Protein chains: 2
Amino acid sequence: MDHPARPRRRRTRVSAEPTTRPVDYRHLTSPLPLAKGYSDDRIGEIHAAALTVLQELGVQVNHDGARDILARAGALVAGHQVRFGHDLVEAAIASSPSEFTLTGGNGTLRIGGRNTQFLPVGGPPYAMDTGRGKRSGTFEDFRNFIRLAQSFDVIHMTGPSVEPQDIAPNLRHLRMMRVQVLDADKPTFVYARGAGQVADSFEILRLRHGLDEAAFHSRPHTYTVINTNSPLILDVPMCQGLIDFAAAGQMCIITPFTLSGAMAPVTIPGALVQQHAEMLAGLVLTQTVRSGAPVVYGGFTSNVDMKSGAPAFGTPEYVRACWGTGQLARLVDLPWRSSASCVSNAPDAQSIWETQMSLWGALTGGANIVIHAAGWLEGGLSASYEKFILDIEQLQHMAELMQPVRWDADELALDALREVGSGGHFFGTEHTMKRYRTAYYAPWVSDWSNYGQWEETGGRTATERAHDLWQQVLARFKPPDVEPGTVEAIDAFIARRVEEGGAAPVS
Amino acid sequence: MDHPARPRRRRTRVSAEPTTRPVDYRHLTSPLPLAKGYSDDRIGEIHAAALTVLQELGVQVNHDGARDILARAGALVAGHQVRFGHDLVEAAIASSPSEFTLTGGNGTLRIGGRNTQFLPVGGPPYAMDTGRGKRSGTFEDFRNFIRLAQSFDVIHMTGPSVEPQDIAPNLRHLRMMRVQVLDADKPTFVYARGAGQVADSFEILRLRHGLDEAAFHSRPHTYTVINTNSPLILDVPMCQGLIDFAAAGQMCIITPFTLSGAMAPVTIPGALVQQHAEMLAGLVLTQTVRSGAPVVYGGFTSNVDMKSGAPAFGTPEYVRACWGTGQLARLVDLPWRSSASCVSNAPDAQSIWETQMSLWGALTGGANIVIHAAGWLEGGLSASYEKFILDIEQLQHMAELMQPVRWDADELALDALREVGSGGHFFGTEHTMKRYRTAYYAPWVSDWSNYGQWEETGGRTATERAHDLWQQVLARFKPPDVEPGTVEAIDAFIARRVEEGGAAPVS
């Protein structure tokens, strides 16, 4: 079945020349129709229940200044608990932009609508490759993953990469920022680990882009991710980050860590009620600090393994949560962020179907930003070099689906069909010869050779091939050009701050 | 980033008992919105171009009787070339059912609408497992894959499995049918390899289900796949199959083998023009033989590697072809068949992203039947035991997405949120305890244990785990019960046909 006239049987070598297809994945717009996890009425019930949670239970806000700001805005503060009236929440929803532009070194990205950005792995404490195995993240790993992210235009921003545990915590942000702004020219991530680190990071960004404070504050140049301490807590550094980023007009992705069955209710709609409430609480704080501050709705709801309590990703429940989050984000008219996450402990078959489920869940849910889209492994505890390469191939497949449809005069190929007729083949037709070099996506990691050729060349799996590829990409790496004097200015600033002791992270 | 309050840090063992979630994947309806590969106008142009091809070029029909039937119906026959007028094609489109019921041993399947069926690997000449490697398919392999298909309710029909090359071609169909009807009770595949083999196969089905010829002909009990010899040829056995299955009112899946760049134009719209024309030619033959005969539109268009001419599957072009085929099938109001195909030579990471792309392409394109959904490898040249197991896990994820949304009174979990408040966790709440055993899909192949536990238990990949699982499933296998005397009746018939020399395949 499905075998007649296989070209394998009558293979014709078309050309020894490689395909020369020009690709540009820097600006992607999704054509996928939007899936619904629940009916619009149910989504309305989830939104209403979140408003009830905010009014009746409220959120524990551990940052004194944040409580003062919220009290002045009209929130009800009792001890650390802050309760939010519907009007306050609806006003924040109304003032936050539904779409905005993020300016990075290499141009601008439009955030929102059907625009789609892929971001690399961010935050794992460990690094992993199939040669050296799993170990604590180092500065070298941090830089390597930034360089890998810079090397592919299907990756649209840099991220927190791997935690460089071999750098002192009070100086870590300085070393991390230097790599992000000098080894890459994409919009840059800044950790919200206290006002001192954020101020240093903003200064390094201003030096990199030659901006004074007013110009920097005039539009978003960087982003952070704010994770609530689910359930229903905003801790000190997260509040400080919301305040500092909103005040500077920079982008906040507010992502509740609502793991259904553990830190959130065991039902996905219940977990979405909590996710929605926690995100809205953070949104109110940003819009109170600066009306119109750019915020992205972060969706991270997944379920846990009820036998162990361990988080799971790429599950059917995760996909449904993505669809529901997309509906909720559109209801409050915010861009939204999802993830291409997995829990597998190795860059194996499981890691790929979990990542594909997460990725398709995000894209069919209309996600604008997909974080951890390359290199995430082990539920985010490890950054994997091989997984990064395997994921780039998958992201490039998705990016191809987002390319505009080409439709030239001969697209329907009627003349080619007349030329070939019954029983011929199209290898030699003018229609084919004019187009074959650019007709199709040319895979990078995928091996399309037949079994014999594949066996002769070692019979290696995609993961084994990826082990070579990440090393080749790093060996070829060239940092982007910067304006003369930029490196010196950044290094002088960093040297001064090191002398002053840097800035300890706040927790 | 994305790490605060990870339950890994404060894991609580909920229960030693396994989850006891009842699942039933026998009847699946897709909730996915339908993706479009091209605008409705472009799809109309593709349909119109296919009608032009059929009228102007026509199709080479190598079967004398088929040409006579088509000539009597009003087609223009010149030598072996048969040209079709628009009216003839439109009449066939009008008379073929858009939805129908397929009756199998274990009940009925609704074909069409948003109903979705998954079918196992079918047709590879080779079998493969990670222990014994790749070798020619045997009767034992054929039976093993039928038994694997029977063992999972997410697989909805049996298929041609692996080619049992150790059985004489004239007797092969008898041995294959015996296994399909006695080791399984799902709707059954019959190869169209000549009238003699088809008649024998129908007789064995009638003996299995206790049907006389009239009852058998009254509705579809079995199916075949008709591959055109692209471009624009219908060969002798394919024509005979269309005639025999239509006359008996059995289901024909007409699948042009339109590999863009090789046996079809290098543009995907051009390949779809050819696919559509070839399918419609076969449709006309079936509807001329018996008006209302059940036909499924087979979509198999993919691109080839233009450097080697080798077919590729799960590519971005493949996904767009799926979307376009879904639009064309809905335009002519037929159910449609796609595939979960891949070209990887091993059950590795590449094989999974190719299968996932194919599967999501099929489902977002609204495919009703997904063939080769478990066990397909190496572009269909090999059936892989491990891939079969890995695919079952992926299909069960998809089946979970097709389950109706549960929504009980406490779905929004407001009382649980009130009970836990800020900073607690939900492991112990009544809301969780009442639901955790059945809340989530419980994975089968996926390993959710943490890195330490995973390493202690051997640190095995999903593919290594799958190698054990297929052997366990086969060791546990029990054939379904049959009516007393059925086996004896089938064996008596087969003994007689063996004595008579069986039936040689027609080619």
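Worth saying up front: this structure is predicted, and the values here are computed from it rather than measured. Excluded from the calculations below are hydrogen atoms, water molecules and symmetry mates; all remaining heavy atoms, backbone and side chain alike, are included. Protein chains get the first letters and strands the later ones, always in sequence-line order, with residue 1 at the start of each.
At a 4.5 Å heavy-atom cutoff, the contact between Leu34(B) and chain A is made by backbone atoms alone. Of the atoms belonging to Thr52(B), it is side-chain heavy atoms, and not backbone ones, that fall under 4.5 Å from chain A. When heavy atoms are compared at a cutoff of 4.5 Å, Leu417(B) approaches chain A by way of both its backbone and its side chain. Only the side chain of Glu354(B) comes within less than 4.5 Å of a heavy atom of chain A; its backbone N, CA, C and O stay farther away. For chain A, the nearby part of Arg465(B) is the side chain; its heavy atoms alone come within less than 4.5 Å. For a residue to count as touching a neighbouring chain, one of its non-hydrogen atoms must lie under 4.5 Å from one of that chain's; by this rule Glu317(B) touches chain A with the side chain only. Contacts between Ile46(A) and chain B at a heavy-atom distance below 4.5 Å involve backbone atoms as well as side-chain atoms. For a residue to count as touching a neighbouring chain, one of its non-hydrogen atoms must lie under 4.5 Å from one of that chain's; by this rule Leu412(B) touches chain A with backbone and side chain alike. For Ser446(B), the parts lying near chain A are the backbone and the side chain together; criterion is any non-hydrogen pair under 4.5 Å. For Gln350(B), the parts sitting under 4.5 Å from any heavy atom of chain A are the backbone and the side chain alike.
With chain A as the partner, the residue from Ala439(B), Ala416(B), Pro316(B), Gly270(B) showing the most heavy-atom pairs under 4.5 Å is Pro316(B). Contact count against chain B (heavy-atom pairs under 4.5 Å) is highest for His397(A) among Gln60(A), His397(A), Arg435(A). Interface remark: of the candidates Ala466(B), Ser260(B), Ala49(B), Ser382(B), Ser260(B) forms the most heavy-atom pairs closer than 4.5 Å to chain A. Between chain A and the options Ala271(B), Pro347(B), Pro33(B), the largest number of non-hydrogen pairs under 4.5 Å is found for Pro33(B). In terms of heavy-atom pairs under 4.5 angstrom with chain A, the leader among Arg42(B), Lys134(B), Glu455(B), Glu464(B) is Arg42(B). Note: Leu390(A) leads Val319(A), Leu390(A), Leu272(A) in heavy-atom pairs under 4.5 Å with chain B. If you tally non-hydrogen atom pairs under 4.5 Å between each of Arg460(A), Arg320(A), Met357(A), Arg406(A) and chain B, the highest count goes to Met357(A). For chain A, the option among Thr255(B), Leu414(B), Asp447(B) with the highest count of heavy-atom pairs below 4.5 Å is Asp447(B). For chain A, the option among Ala399(B), Ala264(B), Gly314(B) with the highest count of heavy-atom pairs below 4.5 Å is Ala264(B). In terms of heavy-atom pairs under 4.5 Å with chain B, the best-connected choice from Thr429(A), Leu401(A), Thr315(A) is Leu401(A). Between chain B and the options Pro265(A), Ala413(A), Gly421(A), the largest number of non-hydrogen pairs under 4.5 Å is found for Pro265(A). Per-residue heavy-atom pair counts under 4.5 Å with chain B were compared for Ser341(A), Ser344(A), Ala462(A), and the maximum is reached by Ala462(A).
Counting all heavy atoms, side chain and backbone alike, Ile233(B) lies closest to Ser422(A) at CG1-CB, 3.9 Å. Scanning all heavy atoms of the two residues, the minimum distance from Gly261(B) to Thr432(A) falls at O-CG2, 4.4 Å. Closest approach of Thr463(A) to Ala349(B), counting heavy atoms only: OG1-CB, 4.1 Å.
Annotation: the span from Met306(A) atom CE to Phe427(B) atom CZ amounts to 6.5 Å, rounded to 0.5 Å. Once rounded to the nearest 0.5 Å, the distance linking CD1 of Ile352(A) with CD1 of Ile352(B) reads 8.5 Å. Here the CG-OG distance, from Asn450(B) to Ser308(A), works out to 8.0 Å after rounding to the nearest 0.5 Å. The structure places CH2 of Trp360(B) at 10.0 Å from CG of Leu359(A), a figure rounded to the nearest 0.5 Å. Rounded to the nearest 0.5 angstrom, Thr267(A) OG1 and Asp408(B) CG are separated by 7.5 Å. Note that CG of Leu32(B) and CG of Leu32(A) are 10.0 Å apart. Values are rounded to the nearest 0.5 Å.
By the 4.5 Å heavy-atom criterion applied to side chains, Tyr451(A) and Met128(B) are counted as neighbours. Side-chain contact between Trp353(B) and Val445(A) is present, with at least one heavy-atom pair separated by less than 4.5 Å. Within the 4.5 Å cutoff, the side chain of Phe426(B) has no heavy atoms near those of the Met263(A) side chain.
With sequence neighbours excluded, the residues forming a ring-ring contact (aromatic ring centres under 6.0 Å, His included) with Tyr38(A) are Trp407(B), listed by chain and number. In this structure, Glu411(B) has no salt bridge (Lys or Arg N to Asp or Glu O under 4.0 Å) partners at least two apart in sequence or on a different chain.
Without hydrogens or angle criteria, Asn303(B) side chain to Tyr440(A) main chain gives no donor-acceptor distance under 3.5 Å. Panel note: side chain Asn345(B), backbone Ser449(A); a donor-acceptor pair is recorded below 3.5 Å.
Heavy-atom contacts from other residues, nucleotides or ligands closer than 6.0 Å to OH of Tyr126(A) number 12 or fewer.
Ion pair Arg418(B)/Glu56(A) flagged as a salt bridge, since at least one NZ, NE, NH1 or NH2 atom sits closer than 4.0 Å to an Asp/Glu carboxylate oxygen.
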